[in-house]
Protein chains: 2
Amino acid sequence: MEKDKKRSDCPISCSLDIFGDKWSLLIIRDMMFANKSTYGDFLKSAEGIATNILASRLQSLEENKLIEKLEHPDSKAKVLYKLTQKAIDLLPIIVEIHFWADKHFEIPADIKAMIKEAKRDKDEFIKTTTRQLKKQITTQ
Amino acid sequence: MEKDKKRSDCPISCSLDIFGDKWSLLIIRDMMFANKSTYGDFLKSAEGIATNILASRLQSLEENKLIEKLEHPDSKAKVLYKLTQKAIDLLPIIVEIHFWADKHFEIPADIKAMIKEAKRDKDEFIKTTTRQLKKQITTQ
DNA sequence: TATTTTTGCTTGCATATTGCAAGTGCAAAC
DNA sequence: GTTTGCACTTGCAATATGCAAGCAAAAATA
């Protein structure tokens with residue numbers, strides 16, 4: 001899509017360029033915490049992403065090696081999207097965003113519970129969750 | 001600008017909606033680490049933001065209470081932009097983004113040094129830097 | 001076996017956002 | 001009193017978005 005866009009040397013900038021808008025990060029979040037893994041899953045998500053934007057973001061995420069497209073075990077009509085290690089490494093960022101959001105916004109109860117658990121022991125939560133996500137990569 | 005845009009309940013989404021694109025976060029980062037505080041500072045930044053976009057982002061950041069406009073002590077022609085506590089609370093997110101970028105991108109040497117220091121003792125770095133930024137708010 | 005449904009997209013098009021260049025108004029310097 | 005610096009605004013072409021509709025392959029259903 002925006003392949004030839006200039007990328008500055010600033011690490012935040014070059015990392016944020018990968019995401020472009022909020023949708024890419026939301027897709028990754030949904031894969032991490034909401035067990036979504038197909039096109040339909042993302043489309044049905046509460047966030048309400050448009051189908052052409054979803055297609056574009058999935059393509060960009062794949063190009064940037066944050067997700068992989070695999071054959072779905074249930075059906076050839078389906079595509080299974082999986083996180084890469086590079087994406088799993090985003091977990092600390094996502095956790096911190098949740099903490100910040102929790103402090104400055106109204107958060108629905110169920111997510112608040114997850115945040116509370118993560119807050120109890122942040123490092124342990126990140127370690128455990130990372131291990132679980134990694135297991136999903138290596139098995140299957 | 002995009003005032004009436006629907007905001008979902010997802011904490012990542014509602015937080016990321018504040019930023020919209022990378023520019024808002026880059027402005028905050030430049031205020032935190034590059035000591036930038038005026039319109040001209042941001043415009044001259046290496047990132048190369050367009051002037052109308054800068055104006056739009058500064059307005060949105062102010063509306064979302066992440067920055068404040070103050071009189072510049074040197075001149076009435078200048079405007080002094082300052083971080084709020086809400087923005088300072090973003091520091092852990094920004095630090096984690098740098099860690100991630102450091103792992104997956106080429107980072108210029110000077111920034112790499114800062115990241116290295118932060119990595120030595122993350123919690124201490126965040127605590128110290130937060131204290132410094134808070135001092136900039138309260139004095140003056 | 002024929003038909004309908006599901007799935008993962010693509011296409012068209014009106015609208016919104018961006019990036020660039022130029023301009024404006026006020027304050028300060030000369 | 002004229003020029004320069006600063007913080008924006010404005011106009012406009014190019015790009016990106018959001019919505020609805022379409023589409024081919026696979027799976028489910030009749």
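Labels below follow one simple rule: chain letters A, B, ... track the order of the sequence lines, proteins then strands, and each chain is numbered from 1.
- Rounded to whole Å, the distance from CG on B/D17 to P on C/dT17 is 12 Å.
- The residue among A/I53 and A/K76 whose nearest nucleotide of DNA chain D is located toward the 5' end is A/I53.
- Residue B/K69 places at least one side-chain N or O closer than 4.0 Å to OP1 or OP2 of D/dC8.
- Atom NZ of A/K44 and atom P of C/dT6 are 11 Å apart (whole Å).
- Of the candidate nucleotides C/dC9, D/dC6, C/dT7, C/dT7 has the atom lying nearest to any side-chain atom of A/K78.
- None of B/R29, B/K103, B/K119 except one satisfies the side-chain hydrogen bond (donor to acceptor under 3.5 Å, both in side chains) rule with B/H98; the exception is B/R29.
- No donor-acceptor pair closer than 3.5 Å links the side chain of A/W100 to the backbone N or O of B/L91.
- For B/W23, taking side-chain heavy atoms from C-beta onward, the closest of the listed nucleotides D/dT17, C/dG19, D/dA26 is C/dG19.
- Salt-bridge check for A/E96 with A/K122: passed, with a basic side-chain N closer than 4.0 Å to an acidic carboxylate O.
- For B/A77, counting side-chain heavy atoms from C-beta on, the closest listed nucleotide (D/dG5, C/dC9, C/dG19) is D/dG5.
- When distances are taken from the side chain of A/A55 to each of D/dC8, D/dC19, C/dT10, the shortest belongs to C/dT10.
- The side chain of A/A50 lies closest to D/dG18 when the candidates are D/dG18, C/dT18, D/dA26.
- Proximity note for B/T51 (side chain, C-beta onward) versus D/dA27, D/dA7, D/dT9: the nearest is D/dT9.
- Among the nucleotides D/dT17, C/dC20, D/dA27, the one closest to any side-chain atom of B/N52 is C/dC20.
- If you take CG of B/D41 and P of D/dA7, they are 8 Å apart, rounded to a whole angstrom.
- When distances run from any side-chain atom of B/Y39 to the nucleotides D/dT9, D/dA26, C/dA28, the shortest one goes to D/dT9.
- Rounded to whole Å, atom P of D/dC6 lies 14 Å from atom CG of B/L54.
- Figure legend: cation-pi geometry between A/K86 and B/F105, with NZ or CZ positioned under 6.0 Å from the six-membered ring centre and within 45° of its axis.
- Summarising the geometry, the separation between CD1 on B/I27 and P on D/dA7 is reported as 13 Å, rounded to the nearest angstrom.
- Computed from coordinates, the B/I49 CD1 to C/dT17 P distance equals 16 Å when rounded to whole Å.
- When distances are taken from the side chain of A/D21 to each of C/dG19, D/dT17, D/dC19, the shortest belongs to D/dT17.
- Contact check, A/R57 against C/dC9: no side-chain N or O comes under 4.0 Å of OP1 or OP2.
- No donor-acceptor pair closer than 3.5 Å links the side chain of A/S37 to the backbone N or O of A/L80.
- Under 3.5 Å, the side chains of B/E124 and B/T128 contain a donor-acceptor pair of N or O atoms.
- If you take NZ of A/K22 and C1' of D/dT17, they are 13 Å apart, rounded to a whole angstrom.
- Atom-to-atom, CG of A/L43 to P of D/dG18 comes out at 13 Å; the value is rounded to the nearest Å.
- For the pair A/Y81 and C/dT7, the criterion of a side-chain N or O lying under 4.0 Å from OP1 or OP2 is not met.
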